[in-house]
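Worksheet: one structure, shown below.
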Amino acid sequence: MDSPSPQPSLDKKVFLPTFFLVMLIGVLLVLKPDYARLLLGDALQVVTGYFGWLYLLVGFSAIAVLVWLAFSRYGRVLLGAPGEPPEFSTPSWIAMMFTVGIGIGLTNWAFIEPIFYLQSPPFGVEAGTPEAAEWAHMYGQYHWSIVPWAIYALPALPIAYSMYVRKQPFCRISTASAGLLGRQSAGWLGTGVDVIVIIAIIGGAGTSLGLGLPLVSALVADSFSLQDTPMLQFGVLVVWTAVFATSVYLGLEKGIRILADTNAVFAILFLVFVLVAGPTVFILSMSVNSFGLMLDNLFRMSFWMDPVVKSGFPEDWTVFYWGWWIAYAPMVGLFVARISRGRTIREVIIGQVIWGSIGCMAFFAIAGGYSLDMEMSGTLDISSVLNDSGIPAAVVTIVSSLPGGGITVFIFTLLCIIFLATTLDSAAYVLSSMSTRNLTGEGQPARWNRFAWAFALAIIAVGLIAAGGLKTVQTSTVIAALPLIPVLVILQVSLFKWLRKDFGKILRPANYALEQGPDGSTEVREV
């Protein structure tokens, strides 16, 4: 008789040091905001000054690795048992994948980021000109499309392979590194990898909260004619934490999947509304123009560091975004791996990169096109609001200008709340999974563990807000991403070693022929 499988249990050597370290960081940010801000500022100068080039290389390398893997013979490898169907329907799979990878950052930046670029365009373009507007409409789409989703896919594949092909009993990064690290993946080296990953996930998710909370607070204040005070922000945080904590408590099927599906429907309807209610022809024309501009300058943007003029544009935007995506990559990778059982490597790559890019580009094309039209036509002075009152006030001003007024603002507020909740419930789910032993691909971590990480995320958000300012939030992300770069390399090498060992002598590029039957029918056969 087979012995029963070990039951999932708390992995104290991972949970205790990381949880208490995260809580300590949160408390430090709250109690010593000035000191934390100074320390983070110094660290940012070191990271961007010495390693900014590395972030750009990681972004482009991710695309190259995935293109090769998707169209190689290994792209046909099924992440599951032979003949096993996908666990989730394709629409739900795409919705969960998209919402966990983007969060409220998309709704926060899609309207306002093109205005930043219009004021300070890249490549020495004169600010406020028609040429600057074209670059402004395109650059956000570049920052949010192919590269981030390629970075996200890097850890998803080895983790899914570890769980569903190798049948490893742990849903964590260290286990997916076993192809390279061997037995050390279960020892101190593997524990160190998991600790680094958890801290980076907290940094990335904390960035989303730090950016999103002021926006939602401003939207709530506008909707209900309230003063946007710290007390209101705290109240919004409490409600927000309750929403995503409840979702992660209910689990994948009853909580996260339903919230993600709802979010996707809301987002599509809102985009269609902006497109129809706004300058439709202008938005469509700019979108086509931006796509061509991106293709024409893809290599230039991918490697531009501006080392002579030193405008600061690459560091402030591209390096920050690549750092944000890298910091989020293990979390998104773990979650996407968990929901991708029954799909091939090629399906996961194409699904993430193509569908993720389309969704983000649509948001920036439509929302950014609307903002630029309002600004360039003089209908709305968004730049003045942005410079005088900050990002949340500017977003509220833009959304309020749409038809429907207060109703539109209220619906947009709900969309923002759900968007971030779907990201953070996934973050809490992943963090609790990484701190659980003997957790198979089908299992779920303990509910109290999920709730504990939801609380830790809320504490980090309070600390980042107390430290103050967009720069502080950006800094935490860029710094958290640096130690993850070698982790991503380890994961890719681990996957390639496993693939060569398991399928190297089995998989061969297939040849196909069209076979004609006696009745004139035809059938494609592999030969």
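Numbers here are sequence positions counted from 1. All values below come from the heavy atoms of this structure, side chains included, with hydrogens, waters and symmetry mates left out.
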Looking at side-chain heavy atoms only, is the closest gap between [X] and [Y] below 4.5 Å?
| X | Y | answer |
| --- | --- | --- |
| Met301 | Tyr139 | yes |
| Met138 | Met286 | no |
| Ser302 | Tyr142 | yes |
| Leu269 | Ile411 | no |
| Arg343 | Val336 | no |
| Gln352 | Val332 | yes |
| Phe503 | Tyr74 | yes |
| Cys360 | Gln141 | no |

*Pick out which of Trp325, Trp149, Trp317 makes a ring-ring contact (aromatic ring centres under 6.0 Å, His included) with Trp144.*
Trp325
_Criterion ring-ring contact (aromatic ring centres under 6.0 Å, His included) against Phe60, the qualifying member of Trp53, Tyr55, Trp304, Phe299_ = Phe299
Which heavy atom of [X] sits nearest to which heavy atom of [Y], and what is that distance?
| X | Y | result |
| --- | --- | --- |
| Gly369 | Ile283 | C-CG1, 4.0 Å |
| Ser357 | Ser145 | OG-C, 3.2 Å |
| Ser340 | Trp93 | OG-NE1, 3.0 Å |
| Leu189 | Gln184 | CB-O, 3.7 Å |
| Tyr152 | Ala329 | CD2-CA, 3.9 Å |
| Gly333 | Pro155 | CA-CG, 4.0 Å |

Can you tell me how far the [atom1] atom of [X] sits from the [atom2] atom of [Y], to the nearest 0.5 Å?
| X | Y | atom1 | atom2 | answer |
| --- | --- | --- | --- | --- |
| Phe363 | Ile358 | CZ | CD1 | 14.5 Å |
| Leu275 | Tyr370 | CG | OH | 12.5 Å |
| Ile173 | Ile159 | CD1 | CD1 | 3.5 Å |
| Ile151 | Tyr328 | CD1 | OH | 14.0 Å |
| Ser177 | Gln492 | OG | CD | 10.0 Å |
| Ile490 | Ile485 | CD1 | CD1 | 12.5 Å |

Could you check whether any side-chain N or O of [X] sits under 3.5 Å from a backbone N or O of [Y], counting only pairs where one atom can act as donor and the other as acceptor?
| X | Y | value |
| --- | --- | --- |
| Ser61 | Val58 | no |
| Asn297 | Leu293 | yes |
| Thr18 | Val195 | no |

*Regarding Asp502 and Tyr161, is there a side-chain donor-to-acceptor distance under 3.5 Å anywhere?*
yes
*Over 12 non-hydrogen atoms of neighbours within 6.0 angstrom of CZ in Phe291*: no
*Near Phe266 CZ, under 6.0 Å, is it more than 12 heavy atoms from other residues, nucleotides or ligands?*
no
*Run through Ile196, Val197, Val193, Ile326 and flag the one making a side chain to side chain contact (heavy atoms under 4.5 Å, CB included) with Pro483.*
Ile196
*Parallel, tilted or perpendicular: which fits the ring planes of Trp322 and His143, with parallel below 30° and perpendicular above 60°?*
perpendicular
*Taking the inter-plane angle between the rings of Phe412 and Phe111 on a 0 to 90° scale, is it parallel (under 30°), tilted (30 to 60°) or perpendicular (over 60°)?*
perpendicular
_Derivation of the side chain to side chain contact (heavy atoms under 4.5 Å, CB included) call for Phe364 and Leu106_ = CA-CA 8 Å; Phe364 268 85; Leu106 187 61; 3.6 Å; yes
